[in-house]
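Data block below; observations after.
Proteins come first, then strands; the chains are lettered A, B, ... in the order of their sequence lines, and each starts at number 1.
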Amino acid sequence: MRVLTCFLPPSAGTATVAGFDVLEQPREVKRRIGYLPETPPLYPEMATSEYLRFVGKLKGLSGGELEKRVDYVCERCFIADVKQKLLGKLSKGYRQRVGLAQAIIHNPEVLILDEPTAGLDPKQINETRDLIKSLAGDHTIVLSTHILPEVEQICEQVIIINKGKLVATDSVRNLQARTRGVESLQVEVAGRDGSLSYELVQRRLEQVPGVAHVLCRDPHEHRLIFEVQSQKGQLTRGDLARAVVESGWDLNELRAASMSLEEIFLELTGSDAPKETAELTKEMQA
Amino acid sequence: MRNIWTICRKELGGYFVSPIAYLLLTMFALIFGFFFWNILGYFVNEGMEMIMRGETVPMNLNEQIIRPLLSNVSVIGLFFIPMITMRLFAEEKRSGTIELLATSPIRDIEIILGKWLSAVILYSCLLLLTALNFGFLFLYGKPDWKPLLVGYLGLLLQGGLLLAVGTFISTLTKNQIIAGAATFGICLLLWVIEWVTGYESATWATVLAYFSVITHFDSFARGVIDSKDLVFYLTGIFLGLFATARSMESLRWRS
């Protein structure tokens with residue numbers, strides 16, 4: 001990621017951003033990227049508007065255009081109310097948003113965000129994610145994160161990198177489909193009189209046409225939850241539901257248990273690989 | 001050019017929004033004021049004695065007050081320069097804001113010149129304070145103003161050199177204290193290194209003494225612009241800033 005921003009030179013290979021090589025034409029690349037490092041690069045002794053004006057000038061803006069962009073990004077990133085406050089006195093969520101505002105001030109083609117939601121509270125995380133999503137229409141956004149649900153939530157294209165090697169690059173949906181030849185459904189069954197053994201239910205479910213395998217989840221609890229696996233397109237949910245109901249049991253829940261990105265991630269990087277070394281990069285196309 | 005000014009303005013903001021600049025200005029005014037008061041007292045005392053003895057040896061403000069005071073300023077400056085330069089890069093490296101500068105479409109040399117220039121401007125503000133004291137001499141006497149101007153030029157050049165060295169050292173570490181202490185050590189060394197000529201007259205001693213920033217200031221304090229000293233300071237400034245540029249470039253390869 002730091003190679004893309006021209007902060008570090010590549011140790012091997014080449015990198016191009018918006019058609020410009022990071023080694024050959026770093027200035028052209030830098031003009032076209034907005035970058036938010038893991039900790040927003042803020043000067044605590046500066047006021048928000050002063051800081052944005054400073055960054056704008058660094059990126060080559062001036063005069064009326066600069067003022068217009070400062071006002072625009074303040075609106076866009078919801079920081080207009082802290083315009084005159086010192087950056088050192090802002091909360092973590094505001095700092096992150098000022099960091100984003102700083103990154104988009106010169107309207108770059110590519111936005112590079114390094115773990116934009118790290119260290120925020122759930123409310124701030126949501127706000128930041130919404131903000132990033134809303135920016136996706138105007139910029140190509142590359143963001144790295146270790147929080148996998150975030151990827152499912154906001155990204156279109158996923159690149160999984162393990163120890164510097166590219167492991168997979170695809171859309172979220174395709175990745176899920178690719179690693180999932182089997183389809184699984186989660187079924188929760190309850191008996192009317194409360195004395196229902198899971199072996200009995202398991203046997204019944206296995207008889208439903210198309211079912212390949214029935215796993216029992218948490219047999220210790222009173223709830224009977226099964227994971228029913230089948231080859232794709234072989235099993236209809238109706239059959240499964242009917243089998244349960246016709247046996248005189250209640251069907252409490254029936255839903256697709258899609259493989260989460262987390263499982264895909266572990267599968268692709270090898271479950272023994274420590275998560276920290278594997279970086280997940282996601283991309284959203286404008 | 002515009003970028004240099006942008007960086008410089010930002011750094012000046014950093015000095016003057018925080019207490020750094022005011023603290024330095026106050027301390028400098030206090031210390032220099034003390035030196036001024038001392039030397040003036042001595043001068044007045046001597047004059048009185050002379051009148052009592054009935055002598056009429058002419059007394060010279062330039063030779064007896066301005067010249068020694070300028071030398072004093074150049075030494076006091078040594079102590080203040082580390083405090084000016086230590087934060088320049090060390091702070092940005094620690095807080096990670098260096099990444100913002102390094103990924104902006106500006107040249108490294110523009111960042112360096114901007115920062116160095118801001119340090120020179122703050123240093124000039126310190127020098128400006130001394131002009132206040134010297135101003136009193138013009139109010140009550142008639143000293144020659146040209147040597148004083150040359151003296152200020154010398155102080156600026158000497159300051160510029162040491163500030164360039166300090167800027168360089170600041171790029172080497174994340175820790176401001178380390179940057180400050182190392183700069184202070186080198187400033188001190190560049191001052192006392194000329195003392196070897198006091199007891200040693202071999203060639204190596206002369207060469208060593210040549211590196212002393214203070215010896216090169218002497219001619220300026222006398223009101224003489226010697227091209228030898230001018231060249232010394234200018235090459236020193238160039239080398240310091242050049243080393244800073246190399247060091248900043250190496251940051252990218254090392255990290």
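Residue B:Leu139 places its CG atom among more than 12 non-hydrogen atoms of other residues, nucleotides or ligands, all under 6.0 Å distant. Under a cut-off of 6.0 angstrom, the local environment of NZ in A:Lys92 is crowded, with over 12 non-hydrogen atoms contributed by other residues, nucleotides or ligands. Applying the 6.0 Å contact sphere to CZ of B:Phe16 captures more than 12 heavy atoms from other residues, nucleotides or ligands. The 12-atom threshold is not exceeded at CZ of B:Phe34, counting heavy atoms of other residues, nucleotides or ligands nearer than 6.0 Å. The number of heavy atoms from other shown groups lying within 6.0 Å of NZ (B:Lys174) does not exceed 12.
By the 4.5 Å heavy-atom criterion applied to side chains, A:Leu58 and B:Leu101 are counted as neighbours. With a 4.5 Å cut-off on side-chain heavy atoms, B:Leu100 and A:Tyr51 count as touching.
At least one donor-acceptor pair under 3.5 Å links the side chain of A:Arg27 to the backbone N or O of B:Pro105.
Across all non-hydrogen atoms, the minimal contact from A:Pro41 to B:Gly96 is CB-O, 4.1 Å. Nearest approach of B:Arg2 to A:Ser62, heavy atoms of both residues: NH1-CB, 3.3 Å. For the pair A:Thr5 and B:Thr103, the tightest heavy-atom approach, listed with the atom from each and the gap, is O-CG2, 3.4 Å.
Interface remark: A:Leu36 contributes no atoms to any contact with chain B (heavy atom separation under 4.5 Å). In this structure, no portion of A:Glu28 lies under 4.5 Å from any heavy atom of chain B. For a residue to count as touching a neighbouring chain, one of its non-hydrogen atoms must lie under 4.5 Å from one of that chain's; by this rule B:Glu92 touches chain A with the side chain only. Interface remark: A:Phe54 contributes backbone and side-chain atoms alike to the contact with chain B (heavy atom separation under 4.5 Å). Only the side chain of A:Val55 comes within contact range of chain B, judged by heavy atoms closer than 4.5 Å.
For the residue pair A:Lys59 and B:Ser104, a side-chain donor N or O sits within less than 3.5 Å of a side-chain acceptor on the partner.
Atom CZ of A:Arg53 and atom CZ of B:Arg9 lie 9.5 Å apart (nearest 0.5 Å). With rounding to the nearest 0.5 angstrom, the NZ atom of A:Lys57 is 13.0 Å from the NZ atom of B:Lys10.
Evaluation of the ring pair (Phe, Tyr, Trp, His ring centres under 6.0 Å) rule for B:Phe211 yields no partner, not counting sequence neighbours.
Per-residue counts of heavy-atom pairs under 4.5 Å with chain B were compared for A:Pro9, A:Pro37, A:Pro26, A:Ala103; the largest is that of A:Pro9. Among B:Ile98, B:Thr6, B:Val17, the residue making the largest number of heavy-atom pairs under 4.5 Å with chain A is B:Thr6.
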